[in-house]
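Report on the following structure.
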Amino acid sequence: MTKTYKEPEPDFTYDPAIETTDPAVSQETAGHEANLAAAGQWKLFWLKFRKHKLAVVSLAVVLVLYLIAAFAEFVAPFDPNQTSATYTYAPPQRLQLFHEGQFMPHVDGMKMTLNTDSMRREFERDPANPIPVGFFVKTQPYELMGFIPMETKLFGPLEPGPRSPMYIFGADRLGRDIFSRTVYGARISLSIGLVGVALSLVLGVLIGGISGFFGGKVDTVIQRVIEFLRSIPTIPLWMGLAAAIPLSWPPLRVYFMITIIVSLIGWTGLAREVRGKFLSLRNEDFVIAARLDGMSEMGIIVRHLVPSFLSHIIAVLTLSIPVMILSETALSFLGIGLQPPAISWGVLLQEAQNIRAVSQAPWLLFTPATAIVIAVLSLNFLGDGLRDAADPYGKV
Amino acid sequence: MLSFLARRLLYAIPTLIAVSVVAFIIIQLPPGDYLSTLMADWASQGGAVEEGTLAAMRERYGLDQPMYVQYFKWVTGIVTRGDFGISFEFGKPVTELIWNRLGYSFLLAILTLIFVWAVAIPIGIISAVRQYSVTDYVATFFAFFFLALPNFVLALAAMYVLAAFFDQSVGGLYSAQYIDAPWSWGKFVDFLNHVWLPIFVIGTGALATMVRIMRANLLDELSKPYVTTARAKGMSELELLLRYPVRMALNPLISTLGWILPTVISGEILVSVVMSLPTTGPLLLRSLLSQDMYLAGSLIMLISVLTIIGTILSDILLAIADPRIRLE
Amino acid sequence: MSPILKVENLTTVFPTRTGDFVAVDDVSFTLEPGKTLCVVGESGSGKSVTARSILQIVDKPGKITGGRILLDRDGTEVDLAALDPRGRAIRDVRGKDIAMIFQEPMSSLSPIHTIGVQIGEALRIHFGMGKAERRERVIELLRQVEIPNPETAIDRYTFEYSGGMRQRAMIAMALACNPRILIADEPTTALDVTTQAEILDLIGKLQREHGMAVMFITHDMGVVAEIADEVLVMYRGHVKEHGSVEDIFHAPKDPYTKMLIGSVTKLEHRSEALVRTDAAPETVTAPAPLLDVRGLTKTFGELKAVNDVSLTLKDGETLGVVGESGSGKTTMGRCLLRIYDPDAGAIDFRRADGSVVDVATAGKAELKAVRREMRMVFQDPVGSLNPRKTVGQIVAEPLRLAGFGTPKQIDDKVADLMRQVGLPPEWRERFPHALSGGQRQRIGIARAVAVKPRLIIADEATSALDVSLRSQMLDLLVQLQEEMGLSFVFISHDMSVIRYICDRVAVMYRGRVVETGETDQVINRAEHPYTQALLSAIPHPDPNQRRIHDRVRYVPEEA
Amino acid sequence: QDYHQAPMLDAMVESGDLPPVEERLPANPYVEDMIDSVGTYGGTLRTTILANGDHYNLTRTTANELLVRWDPTWSEVVPSLAEEFTVSDDATTYTFTLREGLKWSDGAPFTVEDIMFWYEDVFMNEQLNPSKSPTFTVGGEPVVVTQTGERTVEFKFASPYGLFLQQLAYGQGHHPVIYPKHYLSQFHEKYNADGLPALIEADATAGDWVALFNSKVSLSFQPQFWQNLDLPTMNPWVLTVPYADQERVVAERNPFYWKVDPDGNQLPYIDGITWAKIDDPQLMALRMTSGDFDFAFRHINNSTFRSVLYDGQDSGNYRFVDVMDLPANDAVVLLNLNVEDDTKREIFQNKDFRIALSHAINRQEIIDLIYVGQGAPAQVAIQPDHELFNETLASQYTEYDTAKANEILDGIMPEKNGEGIRLMPNGEPMVINFMVADVFGLSYPDVMQMVQQYARDIGVDIQIRTTDRARLNTMWYANEHEAYMWNCVGGLSEAYSDVRCYMPFLKADIFFASKWADWYSDRSTGEEPPEAVKELMAAYDDVNAAATDADRLAEMQEFLSLSAEQFLTIGISRPMPKYMMVSKDLRNVVDGIPITGNLWHPAPTLTQWWFDR
Ligand SMILES: Nc1ncnc2c1ncn2[C@@H]1O[C@H](COP(=O)(O)OP(=O)(O)OP(=O)(O)O)[C@@H](O)[C@H]1O
Ligand SMILES: Nc1ncnc2c1ncn2[C@@H]1O[C@H](COP(=O)(O)OP(=O)(O)OP(=O)(O)O)[C@@H](O)[C@H]1O
Ligand SMILES: [Mg+2]
Ligand SMILES: [Mg+2]
């Protein structure tokens, strides 16, 4: 039920000298609303953001994803590059809590037979031999984030070893644990890709801003450059540039370099939109007012113009994140992407790009795809929430 | 309008020159040239080619000349005779090899564009009009789902499903019996039976982006006062929606129309390889790998030119659609 | 005569997070054929929402929650409030029986359809009229609203029309189907008096011809006095007073109405504060004028927006600039600050240290310094405040850029300034959209005076305000002038405002200054025929002395 | 004897467009031994090739019509286009007698003149052939060919060349028999100097007559060969849709083909062949399982696809046939002994380093994991059943022994950095950039990844650079690589003629020492190898010169022992048997046919395949 409220009617004893209550205050800002309208910028932002349920959930998901990425060594039960000849293409085992009515977290055991005709290992569930699974289990010593020595994993088989396989998302062609690989893959996919996105964002806003704000010759030149960059098909460019990168570079640096190259081209789309927006904004009175206040042109761009189309930027951002994650997959397809042992979601997808995985081991495809979809969707809804919250006109 | 057009075309000239130079540089970036590919290829078949033969070929192909000389020869050929040079690997003039494929690429791009527009716009409209409804969320979910799957992975998965469960013939644009056959109704139907899958696969990525853009644009327009003005005239809601906000929301899309072309063609390269489509993609990829330089360079350049033309076209379209730009 | 529309206990609410906000509360009135009902009231009092409720086109999430809107259709009464807002029945009424002129003509018209298409649409929808016939009718309508060259004007786009033309196009659109009821929502706010008079004439003429009932929303009491038969005074969503125009003007009962009428009459005179200083003898003779403009010219393409303008301004003086819409007032003001680069002329500004700077040719650094002393209040209070910055940030910006002091000092200064312009300092955290028009305008003023300027160019600083607010604002300016020894260039199309605070007046017409002189002299003994025409078109806020029908028209020789 | 022809030709013979079958066949046609039975005519063989760079697959299926050929069991060289041949005792002079009445696919007679055209006007022509193919060269001296009778021709070498017949029976032996003089002379300066300018003018691609000539026929079955529909051949099928830019290649029976079955039926049985051009092997496998092809072999006949193809046998209506494609090793670690980096070159050339690396690799694990247990730990070596098998060569240093490897390396590079990577003498960490291409379905990137981990255990940092085959080709040709992984030919009899894995040999695709290989083929180029390697080369020269089979065997064994001592490459797995897919309806398909890179397949037996429907 909504309650109805009315302003108490003020008495009209009009005295122009006393200017405490202003009759022009619209009702909207009176009463409860007044508190809200007077709330600090950030508080308001948070209040509005909180209203967007999905965005809040997404924020939580994004945080969890980043935690997973940061603590991959702890979350992943196995070394992502640990191979197992016994369990190549082992299907996912379901994590179960009860065994024969008793509480005992476990996965079913697996019976493996080697079929030499079809040249594959065939697996059969073996519920009679459950493999008990525990949380915070002891394992081989490892280093969390490369420097904190640890001996505990979030979860894993209680007696780790080749006799007790636990592949909750299945195993790949080398018997590596897909779950662990996906967890580790989050690291690169959620970091380097975003660096690229950020870089094209900065470039797009700056160059597009300059183009639109100053107009004239600068604009014409920048527009031609953009048109030119847009018209070069990306794949040949990638291949050409990748071939020009020295071989001795470590894979991560190569990949980082390529990401930068990709974003050096990727800014053009945003730049054109920014320019259009700036062209229409640059003669707005509030921009002129800022100029009269003595603000520098760059200051105006950064402090006044950019915030004015934040919503657009957020939309572009949420769309370009998956594009970045995926362009890495395309690079891998071309053989110029990440090299082993580095893992990313793109690499995982690329490894699933074969008829064997698609027809006989679909989990190889589903797991990374699901991870990407979850990340992308939550980033998008988070972006939606941020945009709505940043919009001063938005409903509260 | 005419001067606008003239200026637009004039501006395209330096871009074209730059594109031709860069196309040439890109294909020269990797070490070696076509002959080293040929060499290695022969070698792997058990043959061997001697330095003498190689030197002779290098001279015949003009590969021993400095790069700028090769470039000017190539460009002069294009400008004066429409001669794009020869493909070393196929031993044929580039022009004989590419038109057919460019045609298919272009056709595929256009069909994809139509598909994307035809699907994305209604979905975008619905998810904007019913913002934060179930429909909106479902549309958003699928948009991002398809965005999150690389289209060449999707291509393989889709082909597998079709072949394994629906007994569809997959790959290429025609069934075997129609490949070399002249055009007929049967061939056309067969073509339609094949072409929808690549269109779908290539289109999905662009589709998602488009839905989101359409939704965002439309959300901006829906609350504009001119919508209310039109409503006050007694116009029905649907007509109103289509005549005013949708029309306005389309403008930004029109302005990027030309740009979709290279996106589709680039996206198409890998899909075409996976699906064996007779488009420029596989040819371009192969020519890049084998450093068949005139073929690769010409393809890159033609795709770039198509983009430039596309951009000009969309600028013109935008000018037609938006009088504010036309009459500025 | 029987009423054609009866509004009974209309209530319209906007659901918000904290509850339902009642924008229109229990409003009742009737409209009669051939009669004009004027709706007045402060900004945000629910006038527009009432009008929109009648056609059921209230913006989402607003909805009508009570009352009836009875339309008389050939003897049968239809309750419009009970109809489905998306249904056929209400659509038949919209545009055909009841037409509406919207408040903002620029954004209320589609920028990408020609004027002709937009006007003809109602004809197509309601009469299914064919293309050729429709065109003929639209040309006829455009001719009626006195659009020049209707045959070509029909194919033009909104942005090719001037403000006045757009307003008239909206009127033509509303009149297309010969509606029985016309709802006009502040159709003349943005117009100068001469154009306004033309439009009022036109509506009056059509009303006489078709027996149309008119609901006219305005905040200009002069207009009300000129055209109203009856007046409805609204305040915070409900009706304060409803009566004949004579009663409202001469025997107001409600305190709010009284205050409203009071401020109107107040503006009929010169500011009392100024009368005091005027009387005082001039103590110091300034050595040189503060601002000396000679031969200022600015062209936009072919158009000479400002043509060879010369002006001088002394310390502490207020110079009014008047003229019809599009006469170059804003352009001139902007040239003074080099927002536009003038094409010719000199703008000598005497700085605080006595040095004289030609703004027209000043270098970057010099310009920055000059701009600290010479400030601007923008014509459009909405556009000049960044909607994404809080009021505090906006006011603090010039201080920060001038290196005023620590953040704390700046914050204190902002609070001071807010108090000075009569706003509670706590409102620093508000966004501009949470303020009313008058408050926004005061923010603009606070920003202008923050760095202690010596000259303020105030461009229509009060145009968006209703009368009561307007007089308050003017008093504030006079007060600031006294406190800080400010000079003003005061651009306005409202002669009463000019009379209220200006020492001298310059009259602009098509880019030229056609007349300058002491305020009194110009108003009472205008020499130039254009000035005379301008003065004669001012609506007089007394229903007994309707005079704009007797105005003189200025027909320039070259035209 | 009575000869019969395919029904599809009947109409043409009746109408007189084609002479009767007796006139088309030679006086003494080649009678093919049937694998199972005499077949029936008809059907189109649907198969597939990669859309680009796979023209050799056309050669493999249809173009192996040589003067002499290997018998189907790969034990001896038998006459083919030649009715008979003789070899001089010193193995310098070879004489061939052509069958009488052989005809090109356009009906024109195939005679010694065509061979002489090849020799005099192509092979010896300085413009067309500036340097001579090693198949027809000994000690830098090209062969001398003379016509000795109406149907006889003599090949004479300056010094003994015992391997010549074998070479001639392999894929590269086609040179003398693919140049139809009656057709090609019009493009030759010597025969048509006046007409050439006009022809060159008409051809957009040709700038001079050499280019024009090369565009009509191609030395090594390059695409040009498969693009020219006018070019007469001796092959069982002739192209009707060329290998150009169409979506498939189509061939139809050659009505003048010169082989018959024991019943006098002119071969081939199958009317035509279509090759669907596919860009991605994944799609090949998928379409195979949908029954789109009657036969497929290359690109999908490996463990990667086996499982999918196995499941698709019913839906695809095909069965598996074994193929004896047994190279010397399936995965070989090739360190570039001539790498540009001085420090690394010295380390790579150190045999102990290679031994250590070899011990570090857990071969059995790789085989179990990646090759599903198919294969066995082995170095690059001749197959165990072969007469040339050498135990040392095959099994030295194959045991997995990290400790031993570390011990050896401690002697070479004792210093390690903080990450446990050994430091080279110049103080840099021991990093090897390994190129891998995902080829032959042998999962090299995966194998390499395993090797990377093993190498880490001995303090060697292997960096993997996955690339495509073409780029890899370019790199090794330019000697820009440090190391890569490939497979190695020479597991069976072809070892005699192709020793690229046992010593730095020709400019072939095994480039572990291309500078030395250059030196071997031409002493004025490349880099002079160390003495031991020179000895190895000399030993192979002896194999080449051996005139009798027994001699050759002894010399070869000697050579292989020397090679084992040098230990130039590091093998991982003895190859697992390959397979091919053929339609369940096809008959006369050899099960276990031997093939190698040079022994092209299934062309020699494809003419007798027939559809039993
Ligand atoms: N879409 C909306 N959502 C919420 N509140 C609204 C909406 N539209 C109008 N209002 C509120 O309803 C009240 C009445 O607005 P209305 O537009 O009728 O004022 P008005 O009398 O026309 O003022 P003005 O003279 O400024 O035009 C205002 O307080 C306004 O804030
Ligand atoms: N940026 C511009 N480009 C082109 N023409 C302009 C521009 N700004 C103003 N004009 C034109 O210059 C003339 C003077 O405009 P200006 O804004 O100075 O009028 P004004 O006197 O301030 O009118 P109003 O009372 O409506 O504010 C008008 O005809 C206007 O159309
Ligand atoms: Mg209003
Ligand atoms: Mg103005």
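Letters go in sequence order (proteins before strands), and every chain restarts at 1.
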Within the 4.5 Å heavy-atom criterion, are [X] and [Y] side-chain neighbours or not?
| X | Y | value |
| --- | --- | --- |
| C/Met173 | B/Thr229 | yes |
| C/Met100 | B/Arg231 | no |
| B/Arg243 | C/Val117 | yes |

TODO: Working to the nearest 0.5 Å, report the span between CZ of B/Arg247 and CD1 of C/Ile112.
DONE: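 The CD1 atom of C/Ile112 is 3.5 Å from CZ of B/Arg247, to the nearest 0.5 Å.
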Determine whether more than 12 heavy atoms belonging to other residues, nucleotides or ligands lie under 6.0 Å from atom [atom1] of [X].
| X | atom1 | result |
| --- | --- | --- |
| B/Phe142 | CZ | no |
| B/Phe106 | CZ | no |
| C/Glu77 | CD | yes |
| C/Phe127 | CZ | yes |

Task: B/Glu239/C/Arg91 under salt bridge (charged side-chain N to carboxylate O under 4.0 Å, His left out): CA gap, chis, key distance, verdict - done: CA-CA 12 Å; B/Glu239 185 184 356; C/Arg91 293 212 309 266; over 6 Å; no
Task: Structural part of C/Gln56 lying under 4.5 Å from a heavy atom of chain B - done: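 For C/Gln56, there is no contact with chain B at all, as no heavy atom is under 4.5 Å.
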Task: chain B contact via C/Ile125 - side chain, backbone, both or neither, heavy atoms under 4.5 Å - done: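 The side chain, not the backbone.
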Task: Closest approach of C/Leu55 to B/Ala232 (non-hydrogen atoms, all atoms of both residues) - done: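 Scanning both residues completely, I find the closest heavy atoms to be CD1-CB, 4.3 Å.
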Open item on the list: I need the minimum non-hydrogen distance between B/Tyr226 and C/Ser110, along with the two atoms involved.
Closed with: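 For B/Tyr226 and C/Ser110, the tightest heavy-atom pair comes out as CB-N, 3.7 Å.
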- [ ] Have a look at B/Lys233 and tell me which of C/Arg94, C/Lys96, C/Gln118 forms a side chain to side chain contact (heavy atoms under 4.5 Å, CB included) with it.
- [x]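 Of the listed residues C/Arg94, C/Lys96, C/Gln118, the side chain to side chain contact (heavy atoms under 4.5 Å, CB included) partner of B/Lys233 is C/Gln118.
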Open item on the list: Could you go through B/Met235 and C/Arg124, starting from their C-alpha distance and side-chain angles, then the distance that decides it, and tell me whether this counts as side-chain contact (heavy atoms from CB on, under 4.5 Å)?
Closed with: CA-CA 10 Å; B/Met235 197 179 270; C/Arg124 180 176 56 80; 4.1 Å; yes
